[in-house]
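Below, each value reflects all heavy atoms present in this structure, side chains not excepted, and no hydrogens, waters or symmetry copies.
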Amino acid sequence: MVKFHKISVEQEDLQLKNVLQAGQAFRWIWEDKNDWYMTSMFITGYDKYGIIVLRQKDDGNFIEFGFQHPTWEFQKVEDHLKQYFRLEVDLTSHQDLWKATDPNFKDIPPQGIRILSQEPWETLISFICSSNNNISRITKMCHNLASHFGDDIGTFDDTTFYSFPTSEQLVERATEERLRELGFGYRAKYIIETAKLMLNDRETFNCTTDQDVLIQFAKISNYEKVREMLMRFTGVGPKVADCVCLMGLHLDEVVPVDVHVARFANRDYHIAASKTEIAEIRATYNKLNLPITKKKINPELDFIRTKLIEKWGPFAGWAQGILFSKEVGSVVGATTSGDIKKKKRTFKNEDNDLKSESLAKRALNAPKVEA
DNA sequence: TGGATCCCTTACCT
DNA sequence: AAGGTAAGGGATC
C-alpha cells in the first residue's frame, strides 16, 4: 500500500496515542484495523497538502511513517515529522528535572507526552472551536471545516482527505449561516470574522499565506505582543492565544490556563493571587500598552500562568501538557467511520478537591455553585 | 460630570 | 456537560 520508513524514538519520548488525540491536534484519524493514524498535512516547500500515515508498535523504539503525495520526497517528510514532533527536544531530561524539583512530578512515569508544532493557522481556528467544547466535537468540527471548505487531496485506505481551508477559502466558500448549519454554534461568527481579518493581515504584513502572517507575529515580537496580536481575532482570548503560541508557534514556556490547569494549580500548588498581586498584573499590562490584552485578560488566571512558568522554566508548556493529561485522565477521538471510540485510559482519575474546584471556577468567572 | 475602567453576570451552540 | 469568550450593566474614580 505505502512504504513505511522508520524514525527512531523511544516509547518514553513519544507515544502517538498520547499526543495525537489528546486535545492538541484534532484531525488525526485512528484506524483500528491497522492500528495506524492518518491525516492530511502541509509541508513547507510544497504547494499541496499530502496524506501522512503513522504507526507505532507497543514495544519498539521507533515510529513508522508513510505518505501519499505527487512530489514529496521521503527525506523532506521525515524532516518535517521530526519538526512536528519536536524530536530535538529531549523530553525525558526535562521530565527528570521537573521530577527533581517538583513533588507533583514524582509519581508520573515517562509517557511520551510531547507538545506538537502544528500549522499555526489551523491551530488558531481549531482552538477557536475549542471554547466551551469537548474533544470529540472539536474533532468533528475540524474535519467538517476541511471536508466542506478545503480541497480534496485524494483517497487513502478508503478515506478521502482534504486540506485545512485557508483564510481565503473560508472567506470565499463559507458563511456564518452555513457554519451554523454544520453545528459550529456561536463560533461560526468567530471563524468568519477571523478568516476575514487574517486575509486582511496578509496585505498588512505583506505575506502570502496565513502561516507566514502568524510566524511573522512571533518573529517581530515578544510573547506579550504576540498574544496581543492574536487576541485581535474574534473568539480569541488569553487561553486560545496561548494555545496558538505553544502548539502553533512553539513558544515552549507558554502555559495555557484552562479550567483544569486552574484546578490543579489551586489544589496541588496552592497558587492563588492576592489583591495586591492582581493589581500588579493590571498595572503591568497598563504599562506595556497592550489595550486588547488589558481588556481580555483574567488577572487570576494570568497569575497562575506566570507562577507555573517560574516553577517549570523554559519548557513550562510541556510540563503543563503532562499534568494536563493526568488531570483529564481519558480522551476520545474519531475513527474512520466517524464513530467515537474511547481511548485506553492512561491514568487513574484523581479525586476532585471540591474546594479547589470552586476556586478554579471562581477564577474563570463561572457561576457560583450553591452551597 | 462624562467617560474610562473595573467587576460581575449572562448568553452562547449541541 | 464541556480545554472560553463576548457583551452589557452597575459601581467606582
Trainee: Between B:dG2 and C:dG10, how many Å separate the two C1' atoms, rounded to a whole number?
Mentor: 16 Å
Trainee: Heavy atoms only, 4.0 Å cut-off, all strands: where does A:Arg282 land among base, sugar-phosphate and nothing?
Mentor: sugar-phosphate
Trainee: Using the benzene-type ring in the case of Trp, are the ring centres of A:Phe217 and A:Trp121 under 6.0 Å apart?
Mentor: no
Trainee: Is B:dG3 in the syn range, within 90° of 0, or in the anti range?
Mentor: anti
Trainee: Any side-chain donor-acceptor pair under 3.5 Å between A:Tyr46 and A:Glu73?
Mentor: yes
Trainee: Please determine, for the side chain of A:Lys239, which listed nucleotide (C:dA6, C:dG3, B:dC6) has the closest atom?
Mentor: C:dG3
Trainee: How many Å lie between CZ on A:Arg232 and C1' on C:dT5, as a whole number?
Mentor: 17 Å
Trainee: Do A:Tyr186 and C:dG4 have a side chain to base donor-acceptor pair shorter than 3.5 Å?
Mentor: yes
Trainee: Considering only NZ, NE, NH1 and NH2 on the basic side and carboxylate oxygens on the acidic side, decide whether A:Arg263 and A:Asp258 come within less than 4.0 Å.
Mentor: no
Trainee: Identify whether any heavy atom of A:Val240 sits under 4.0 Å from a base atom; if not, whether one sits that close to sugar-phosphate; answer base, sugar-phosphate or nothing.
Mentor: sugar-phosphate
Trainee: So what does A:Pro238 touch, heavy atoms closer than 4.0 Å: a base, only the sugar-phosphate, or nothing?
Mentor: sugar-phosphate
Trainee: Once hydrogens and angles are ignored, does a donor-acceptor distance under 3.5 Å link the base of B:dC12 to the side chain of A:Arg187?
Mentor: no
Trainee: Any idea which of C:dG3, B:dT5, B:dC13 is nearest the A:His260 side chain?
Mentor: C:dG3
Trainee: Give A:Phe324 one of three labels, base, sugar-phosphate or nothing, depending on what nucleic acid heavy atoms sit under 4.0 Å from its own.
Mentor: base
Trainee: When rounded to the nearest Å, what value does the distance between C1' atoms of C:dA11 and B:dT1 take?
Mentor: 15 Å
Trainee: Rounding to an integer number of Å, can you tell me how far A:Gln118 CD sits from C:dG3 C1'?
Mentor: 14 Å
Trainee: Can you check the A:Lys296 NZ to B:dC8 P distance for me, whole Å?
Mentor: 21 Å
Trainee: Tell me whether the guanidinium CZ or amine NZ of A:Lys6 lies under 6.0 angstrom from the six-membered ring centre of A:Phe62 and within 45° of its axis.
Mentor: yes
